[in-house]
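Accompanying notes for the structure given below.
None of the values given here were measured: they were computed from a predicted structure.
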Amino acid sequence: MPKAKGKGRRHKYSYNLNRKRLYRSARRRAAPRIACSHIRHAWDPHKSVAQNLAEMGLAEDPNKAVPIPKKLLGMEVDSDGQQPGKKIVRKPYVVNEMELEASLPEKKSNTLSRDLIDYVRYMIQNHGENYKEMARDEKNYYQDTPKQIKRKINVYKNFYPEEYKNFIASLKPEKMEVQ
């Protein structure tokens with residue numbers, strides 16, 4: 001089958017183009033990727049990274065912000081008693097908002113899939129705590145060993161303790177009626 005007209009012209013390699021220089025200048029012009037929204041909103045693109053961070057009260061280099069005393073390193077140093085000049089923080093609200101966000105309690109993200117919960121409940125309902133019997137069950141599609149099944153049940157117990165207690169409590173009357 002013939003090629004589309006003009007396709008070869010688009011992809012010709014230009015030997016005279018200095019790609020290193022192009023890449024370097026594009027990297028220099030690009031604004032830094034900032035993950036924190038508080039910093040992103042207070043960022044001034046006309047200033048350097050060091051100037052922006054200094055205005056917000058943040059450190060560019062943690063080693064310079066909290067220096068290790070040379071006494072700890074084994075060297076003795078004569079101290080003049082002079083502290084390095086403190087920089088003026090013009091945007092203190094950035095640090096305050098970040099501290100407030102960090103102090104909020106973390107959301108619990110431990111969840112199990114619905115399929116795994118149903119699988120564990122089925123196994124407990126039909127076999128109790130007999131893990132060898134669970135391993136031989138026809139619904140054990142993934143051919144889990146008794147220890148693997150026990151581990152899955154323990155994970156379910158740890159993630160949903162109230163739900164597990166209610167489930168076990170609901171099973172006890174059924175067993176009483178059978179006897």
From [X] [atom1] over to [Y] [atom2], what is the distance, rounded to the nearest 0.5 angstrom?
X	Y	atom1	atom2	answer
N130	I124	CG	CD1	13.0 Å
I153	Y164	CD1	OH	7.0 Å
L53	D61	CG	CG	11.0 Å
S37	E101	OG	CD	6.0 Å
H41	C36	NE2	SG	9.0 Å
M98	L58	CE	CG	5.5 Å

Heavy-atom donor-acceptor pair, [X] side chain to [Y] backbone, under 3.5 Å:
X	Y	answer
N140	R136	no
E97	V94	no
Q148	T145	yes

Please name the pair of heavy atoms, one in [X] and one in [Y], separated by the smallest distance, quoted to 0.1 Å.
X	Y	result
V120	K152	CG2-O, 4.1 Å
K91	A42	NZ-O, 2.6 Å
Y160	L112	OH-N, 3.2 Å
Y119	D144	OH-OD2, 3.4 Å
I117	E163	CG2-OE2, 4.0 Å
N52	W43	ND2-CE2, 3.3 Å

Decide salt bridge (Lys or Arg N to Asp or Glu O under 4.0 Å) for E129 and K150; before the verdict, give the C-alpha distance in whole Å, the side-chain angles of both, and the deciding distance to 0.1 Å.
CA-CA 9 Å; E129 291 191 14; K150 185 176 182 180; over 6 Å; no

Side chains of P92 and V95: does their closest heavy-atom pair fall under 4.5 Å?
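The answer is no, as the side chains (C-beta and beyond) never meet within the 4.5 Å cut-off.
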
V89 versus M56: any side-chain heavy-atom pair under 4.5 Å?
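Result no, sub-4.5 Å side-chain heavy-atom pair not found.
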
Reference residue Y156; test side-chain contact (heavy atoms from CB on, under 4.5 Å); the match among R121, R151, M123
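Testing Y156 for a side-chain contact (heavy atoms from CB on, under 4.5 Å) against R121, R151, M123 leaves exactly one candidate, R121.
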
Other residues, nucleotides and ligands only: do more than 12 of their heavy atoms fall within 6.0 Å of CZ on R90?
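Open.
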
Does the cation-pi check pass for K139 over Y122, that is, NZ or CZ under 6.0 Å from the six-membered ring centre and within 45° of its axis?
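Because its charged atom sits under 6.0 Å from the ring centre and within 45° of the axis, K139 does stack over Y122.
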
